[in-house]
A.B. asks: 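Structure in structure tokens, see below.
We name chains A, B, ... by the order of the sequence lines, and we start the count at 1 in each one. All heavy atoms count here, side chains included; hydrogens, waters and symmetry mates do not.
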2 protein chains.
Amino acid sequence: MSTVTDLKTDKYESNRREAIRAAASVFAAKGYHGASTADIASELGIKQGSLYHYIKSKEEALYEVCLLGIEDYVSRMKSIAGSRQSSEAKLLAVVTSHLASYREKNEAMKVHNDERLYLPKERRGELKRLGTLYRTLLEEILQSGINAGTYRADIDVKFVSKTMIGVCNSWGHHLVRYPELDMFEIVQKCADYFVHGLIETTR
Amino acid sequence: MSTVTDLKTDKYESNRREAIRAAASVFAAKGYHGASTADIASELGIKQGSLYHYIKSKEEALYEVCLLGIEDYVSRMKSIAGSRQSSEAKLLAVVTSHLASYREKNEAMKVHNDERLYLPKERRGELKRLGTLYRTLLEEILQSGINAGTYRADIDVKFVSKTMIGVCNSWGHHLVRYPELDMFEIVQKCADYFVHGLIETTR
DNA sequence: AATAAATTCTATAGATCTATAGAATTTTAT
DNA sequence: ATAAAATTCTATAGATCTATAGAATTTATT
């Protein structure tokens, strides 16, 4: 009996997830305001009005997309941060995870970064919490690299972490827009560049 | 007589520029699709319909804003690239110019970066040309640094230039959003980080 | 097969929003 | 001061677009 109820619920939930993914795709392509609920419905092969069986409002859809975009990305960061590796290995893993996130669930990530500010402030609390958590964990990785003597003691970890996130998002956009780009090549170059910079040294 | 005509023309042109600037401000705050022509008119203190005395369409306004956003920014790059300084000095100047551009005409720059893809492709030719020119000039600066032995010979100049532009745009966004940020501090840190990276070296 | 529940559809109210036309007003030129 | 030109306004046609209500249809249960 409970099995029956669960099955029904599961189907609804799975349809709902489909709807959120369709919204992600449409928002990523046209922007939140440029996209219509008819576009989303059309992506799902249903009529505009039917969409409201799964979402309460267009804004709710945006919120769900943004959450989807950042959640698994933060959880990956958590497991990297908690792992036993060198700071350098962690950094490489972070960049890989960040760019892979764009490649795999690219639309939701993009929407999170480009459109979340269109949500009313009251609705951004959880997103902000997750974003800050992500950056804090990255800062800790950097700090431990400094403590280990691998990285320069005079770097501003907050500045560097924000810069790295900016770089990853920038390349993430390129990856979404140009599917022919080789993700691993970019990851490699980013990590190398983050660590060694431009300058010629005797290594 | 021609003076008279010129004066009139000048006034119209100056009003038109005002309208473009208002559009920049509104597009930056609400996004192209989220902003209405009524918003722009209201910023100017006129009625929605009156706006069309100065622009042919909302899309034309977006185009003009994007052009405004990138033009002077490219011309500054030209003069830096053509100047007689070391590659390192040029790089610092580029970052300064890029971020200052955000600080001064911040809205148009932001709109260029965030909204230009909403223009139909046919209308993006000139913008693309200017953007590519900018990147090419940056690549030349990097290459001359390599040739001079200052920078590592094994860096991918195209990759690095794109990354730098990404970083500048990312910090540009922060600068627009948080006016309390110290631009010169960020410029300094970016330049340092670009060149030296994270790694501890005996310098 | 009959009944209940879930899903989708149609139709629409009520707000937009862009662009235009022509009238009213303000500014400039004679 | 009068005429001409430029600017702004009002009003509106014609397209949107979101969200809802209730009917029709499909799917699941007994």
A.B. asks: Taking B:Lys30 first and then B:Glu43, would you say they form a salt bridge - that is, a charged N and a carboxylate O separated by under 4.0 Å?
C.D. replies: no
A.B. asks: To the nearest Å, give me how far apart NE2 (A:His53) and C1' (D:dA23) are.
C.D. replies: 14 Å
A.B. asks: For the residue pair B:His174 and B:Trp171, categorise the inter-ring angle as parallel (less than 30°), tilted (30 to 60°) or perpendicular (more than 60°).
C.D. replies: tilted
A.B. asks: Does this structure show an ion pair linking B:Arg129 with B:Glu126, if we count only N-O contacts that are shorter than 4.0 Å?
C.D. replies: yes
A.B. asks: Rounded to whole angstroms, how far apart are OH on A:Tyr12 and C1' on C:dT8?
C.D. replies: 13 Å
A.B. asks: In terms of ring plane angle, is the pair B:His173 and B:Tyr102 parallel, tilted or perpendicular, where the classes change at 30° and 60°?
C.D. replies: tilted
A.B. asks: Rounded to whole angstroms, how far apart are CD1 on A:Ile46 and C1' on D:dA24?
C.D. replies: 16 Å
A.B. asks: Hey, what are the protein-to-nucleotides 15-22 of chain D N/O distances that come in under 3.5 Å?
C.D. replies:
| unit_1 | atom_1 | unit_2 | atom_2 | d |
| --- | --- | --- | --- | --- |
| D:dT18 | OP1 | A:Thr37 | N | 3.4 |
| D:dT18 | OP1 | A:Lys58 | NZ | 3.1 |
| D:dT18 | OP2 | A:Thr37 | N | 2.9 |
| D:dT18 | OP2 | A:Thr37 | OG1 | 2.8 |
| D:dA19 | OP2 | A:Tyr52 | OH | 2.4 |
| D:dA19 | OP2 | A:Lys58 | N | 2.9 |
| D:dA19 | N7 | A:Gln48 | NE2 | 3.1 |
| D:dA19 | N6 | A:Gln48 | OE1 | 3.0 |

A.B. asks: Is the shortest distance from a Lys or Arg side-chain nitrogen in B:Glu60 or B:Arg16 to a carboxylate oxygen in the other one below 4.0 Å?
C.D. replies: yes
A.B. asks: Once you round it to whole Å, what is the distance between P of C:dT27 and NZ of B:Lys11?
C.D. replies: 7 Å
A.B. asks: Send over the distance from B:Glu13 CD to D:dA6 C1', rounded to a whole Å.
C.D. replies: 14 Å
A.B. asks: Verify the contact: side-chain N or O of B:Tyr54 to OP1 or OP2 of D:dT8, cut-off strictly under 4.0 Å; return yes or no.
C.D. replies: yes
A.B. asks: Closer than 4.0 angstrom, basic N to acidic O: yes or no for A:Glu107 and A:Lys110?
C.D. replies: no
A.B. asks: Take atom CG of A:Leu44 and atom P of C:dT7, then tell me their distance rounded to the nearest Å.
C.D. replies: 14 Å
A.B. asks: Rounded to whole Å, how long is the line connecting atom NZ of B:Lys47 with atom P of C:dA24?
C.D. replies: 17 Å
